[in-house]
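Step one of this worksheet: look at the structure below.
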2 protein chains.
Amino acid sequence: MVQILNLGSNKLASERVRRKYEARQLEILHAAARVFRRCGLAAAGMREIAEEADLSPGNLYHYFSGKDEILLFCQDRTLEHMLAAAKAAQRSAVPVAEQVRAVMRDHVHCMLDELEGATAHLEVEALPEELRKPVIKKRDAYEGAVRALVAKGMKRGEFAPGDASLVTRAMLGAVNWTARWYRPDGAQSVAEIAQSLSDYLVRGLGAAAPSTRAAAPSTRSARVAAASGVRK
Amino acid sequence: MVQILNLGSNKLASERVRRKYEARQLEILHAAARVFRRCGLAAAGMREIAEEADLSPGNLYHYFSGKDEILLFCQDRTLEHMLAAAKAAQRSAVPVAEQVRAVMRDHVHCMLDELEGATAHLEVEALPEELRKPVIKKRDAYEGAVRALVAKGMKRGEFAPGDASLVTRAMLGAVNWTARWYRPDGAQSVAEIAQSLSDYLVRGLGAAAPSTRAAAPSTRSARVAAASGVRK
DNA sequence: CTAGAATTCGAACTATGGTTCAAATTTTGA
DNA sequence: TCAAAATTTGAACCATAGTTCGAATTCTAG
């Protein structure tokens, strides 16, 4: 994401001030993510983001070129996270069914946990053509990774044969949709939702039932650690 | 939908002109639906809707109180359609699995066929609180109908036991998501998509295979195995 | 045919929200 | 301590898009 986000850091000052600058950038981005999550993307105004980040509206433009760039970061960060999770699952030594389940669980966590402004990643259309392209590319890469897992399972006979592309989109739709109906004060936890949902989605692939679960680093800390390690 | 949409038809003129008036209303609504579908809801401006419907921007307000009312209609119409399909499936004398498949197929058709502006039904947040309420209510009714079908299937043992509410939301997410990725010039037809998707979604319920087999679910041992270890 | 109603137009109004900017304040580095 | 750089402010700018309005045109009906 750093590649995309090379802000106007041309005339770099001393190291010390640069650190502070980038730290403040991150604070602002987290604040923005919170606002995106609270209200929708459309309803989130610069003035509101500014207030959430404790600075004046105009000052936002000292750190970002505009709203688009802020949104771009949120989307990119979310996709980067999910992509890393998919790659990690791909490498793990568990049945494909469990790999897919892991990816779906991670996706749900990414959507519903408070940390990121992941809901913003659903509204790619909001970006102007220019900025949209790299996001689309990354999103396609993620979808491709999931599809590859599904296809692998089908090829190995672990899943019933079928249209991997269509089924992948169905699964992604189901998990993305959670952002619409999930309420933090609901009956079940995010982990429970992630578990049940991924079980259902993989069952539709015609896989065997999840073996009495033993494998897969499904603890939250493990996932976060794995994901953050990828980020540079 | 007529109840909600009782436009300013207070001082009704002659029957003849009223017919014409309402016909023009429908034309406009269809045009709006087309624009909603083409661009997103956000990008669809009144001026663009006006052009699509072959009248001036200002003239739109002779037929509707504003953009909200137009959007309200599209959402209401779509939901009414889906609700009717759900009710119809409920009454049909086929296995529950096939009932659910029928509802999902209808839902997909409703989303992807050119006739309606169904994509708009996904953006309920765009409406002001006042108008939103009845739409939410109808949407909940539809979701409830689907959930009832799923629960019935579970109760009868035709589906594996599970969280009917969660699974229903997953299914609806998958079908709603089609509006995001479907392209009319794609490889497969809407009907094919609807078929494959509904098959996949119902398969995840632990039902018997679609057409080839009769209503009787698979062997007891298979069902038990499928349900084991998953649920909370 | 003609008066009144219905329809249509398009320019102008207005509210919203992203953005700019010049000046004030704070921080940095020597 | 002081000058230059960095940060911050808040008001103002401006573009978009929903909406209003009065006048012009067309249609209906007696």
Side-chain angles (χ1 to χ4, degrees), chain A residues 7-28 31-32 35-36 39-74 120 123 125-128 130-131, chain B residues 7-28 31-32 35-36 39-74 120 123 125-128 130-131:
Chain A
L7 312 172
S9 57
N10 29 21
K11 45 179 178 181
L12 55 147
S14 75
E15 189 68 9
R16 182 175 161 71
V17 299
R18 207 170 58 83
R19 292 270 180 235
K20 195 169 185 178
Y21 179 83
E22 291 178 351
R24 194 92 184 87
Q25 266 190 333
L26 269 187
E27 282 181 31
I28 295 172
V35 177
F36 285 151
C39 341
L41 169 59
M46 291 299 267
R47 290 164 180 81
E48 199 162 354
I49 293 176
E51 186 176 12
E52 178 83 19
D54 264 315
L55 40 69
S56 72
N59 199 12
L60 277 179
Y61 291 81
H62 183 69
Y63 293 94
F64 299 97
S65 70
K67 191 180 182 182
D68 288 337
E69 196 176 48
I70 296 179
L71 175 58
L72 173 65
F73 173 89
C74 288
E123 318 205 27
E125 317 298 324
L127 286 178
E130 204 66 353
L131 302 177
Chain B
L7 312 171
S9 57
N10 29 22
K11 45 179 178 181
L12 56 147
S14 73
E15 190 68 9
R16 182 175 162 70
V17 299
R18 206 170 58 82
R19 291 272 181 234
K20 195 169 186 179
Y21 179 84
E22 291 178 351
R24 194 90 184 87
Q25 265 190 332
L26 268 188
E27 281 181 33
I28 294 172
V35 177
F36 285 152
C39 340
L41 169 58
M46 291 298 267
R47 288 165 180 81
E48 199 161 354
I49 294 175
E51 186 176 10
E52 178 83 20
D54 264 314
L55 40 69
S56 72
N59 199 12
L60 278 178
Y61 292 81
H62 187 251
Y63 292 94
F64 298 98
S65 70
K67 190 181 183 182
D68 289 336
E69 196 175 50
I70 296 179
L71 175 57
L72 173 64
F73 173 89
C74 288
E123 318 206 27
E125 317 298 324
L127 286 178
E130 204 65 354
L131 301 178

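Worth knowing before you read on, the calculation uses all heavy atoms, side chains too, and leaves out hydrogens, waters and symmetry mates. Chain A is the first sequence line, chain B the second, and so forth, proteins listed ahead of strands; every chain is numbered from 1.
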What's the OH-C1' distance between B:Tyr63 and C:dC9, to the nearest Å?
12 Å
Can you label the angle between the B:Tyr21 ring and the B:Tyr63 ring as parallel, tilted or perpendicular, going by 30° and 60°?
parallel
Atom CG of B:Leu71 and atom P of D:dG18 are separated, to the nearest Å, by 11 Å
Is the phosphate of D:dT7 approached by A:His62 (side-chain N or O, under 4.0 Å from OP1 or OP2)?
yes
Euclidean distance, atom CG of residue B:Asp68 to atom C1' of D:dG18 [Å, nearest integer]
10 Å
Closer than 4.0 Å, any side-chain N/O of B:Tyr61 to the OP1 or OP2 of D:dT19?
yes
Interatomic distance, B:Glu51 CD vs C:dG10 C1' [rounded to whole Å]:
14 Å
Using a 4.0 Å heavy-atom cut-off to protein, can you give one letter per nucleotide of nucleotides 9-17 of chain D, 5' to 3': B if the base is in contact, S if only the sugar-phosphate is, - if neither?
BB-B----B
Looking at side-chain heavy atoms only, is the closest gap between A:Met46 and A:Pro57 below 4.5 Å?
no
Taking atom P of C:dG17 as reference, at what distance in whole Å does atom CZ of A:Phe36 sit?
14 Å
Nearest whole angstrom, please: distance from the P of D:dT19 to the CZ of B:Phe64.
13 Å
Please state how far atom NZ in A:Lys20 lies from atom C1' in D:dT7, giving the value in whole angstrom units.
9 Å
Counting only heavy atoms not in A:Glu51, do more than 12 sit closer than 6.0 Å to its CD atom?
no
Within the structure provided, determine whether B:Arg16 and B:Lys20 are in side-chain contact (heavy-atom separation under 4.5 Å).
no
So, do A:Leu55 and A:His62 sit near enough that their side-chain heavy atoms are less than 4.5 Å apart?
no
Roughly how many Å is it from CZ in A:Arg16 to P in C:dA30, rounded to a whole number?
13 Å
Looking at side-chain heavy atoms only, is the closest gap between B:Phe64 and B:Leu71 below 4.5 Å?
no
